[in-house]
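We use all heavy atoms of the structure for the numbers below, so side chains are in, but hydrogens, waters and symmetry mates are not. Positions are given from 1 along the sequence.
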Amino acid sequence: QVQLVESGGGLVQAGGSLRLSCAASGGTFSTYIMGWFRQAPGKERECVAAITRSGVGTYYADSVKGRFTVSRDNSKNTVYLQMNSLEPEDTAVYYCAADYTNIFQTIAPAYDYWGQGTQVTVSS
């Protein structure tokens, strides 16, 4: 069983930056594809970024391309989401998730383990 714990959320003004971290325990971190999802009130959960086991391959939603960067440190069992040029539309609860199937997917049902989420609020 894998446990995921996100941190780094908070309140920031538009144009600001935040870095989210997700620490994993209870499994072999380097064998999981990791994803970052977000869910705003009344909206479906969407994948904003994902990263392959090695960290070489990444995915970004069109809405965050050029502003968000996903990375991982397998020696620290941690995945990061650097968020720059934040917009009010980025306000949501952000979740990290782990997928052990090694099929690079960006839909929520494909992921096996989830963190509890961290709130990101961007004020205008």
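- Qualifying ring-ring contact (aromatic ring centres under 6.0 Å, His included) partners for Y95, counting only residues two or more places apart in sequence or in other chains: none.
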message: Please evaluate residues D90 and R38 with respect to the criterion side-chain contact (heavy atoms from CB on, under 4.5 Å), reporting the C-alpha separation (whole Å), side-chain torsions for both, the decisive distance (0.1 Å), and the verdict.
response: CA-CA 9 Å; D90 296 316; R38 69 184 180 187; 2.9 Å; yes
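- One N or O on the side chain of E6 and one on the backbone of G117 form a donor-acceptor pair closer than 3.5 Å.
- With side-chain heavy atoms closer than 4.5 Å counting as contact, directly or through intermediates, the hydrophobic cluster containing V70 also holds V2, L4, V12, L18, L20, F29, Y32, M34, W36, V48, I51, Y60, V64, F68, V79, L81, M83, L86, Y94, Y100, Y113, V120, V122.
- For E89, there are no side chain to side chain donor-acceptor pair (under 3.5 Å) partners, not counting sequence neighbours.
- Scanning both residues, C47 and A49, for their nearest heavy atoms gives SG-O, 3.4 Å.
- The closest donor-acceptor contact from the side chain of N74 to the backbone of R53 lies under 3.5 Å.
- Contact between W114 and A108 at its shortest, heavy atoms only, is CZ2-O, 3.5 Å.
- Applying the salt bridge (charged side-chain N to carboxylate O under 4.0 Å, His left out) test to pairs two or more places apart or on separate chains, none has a residue in residues 68-77.
- T78 and A23 get closest at one heavy-atom pair: OG1-CA, 4.1 Å.
- Taking CG from D112 and CD from Q1, the interatomic distance works out to 10.0 Å, rounded to the nearest 0.5 Å.
- Side-chain heavy-atom separations under 4.5 angstrom define the hydrophobic clusters, and V5 shares its cluster with no other residue.
- Of all the heavy atoms in A14 and S124, the pair that sits closest is CB-CA, 4.4 Å.
- With sequence neighbours excluded, no residue forms a salt bridge (Lys or Arg N to Asp or Glu O under 4.0 Å) with R19.
- Between the CD atom in Q119 and the OG1 atom in T91 there is a gap of 7.0 Å [rounded to 0.5 Å].
- For the pair A50 and Y111, the tightest heavy-atom approach, listed with the atom from each and the gap, is CB-OH, 3.7 Å.
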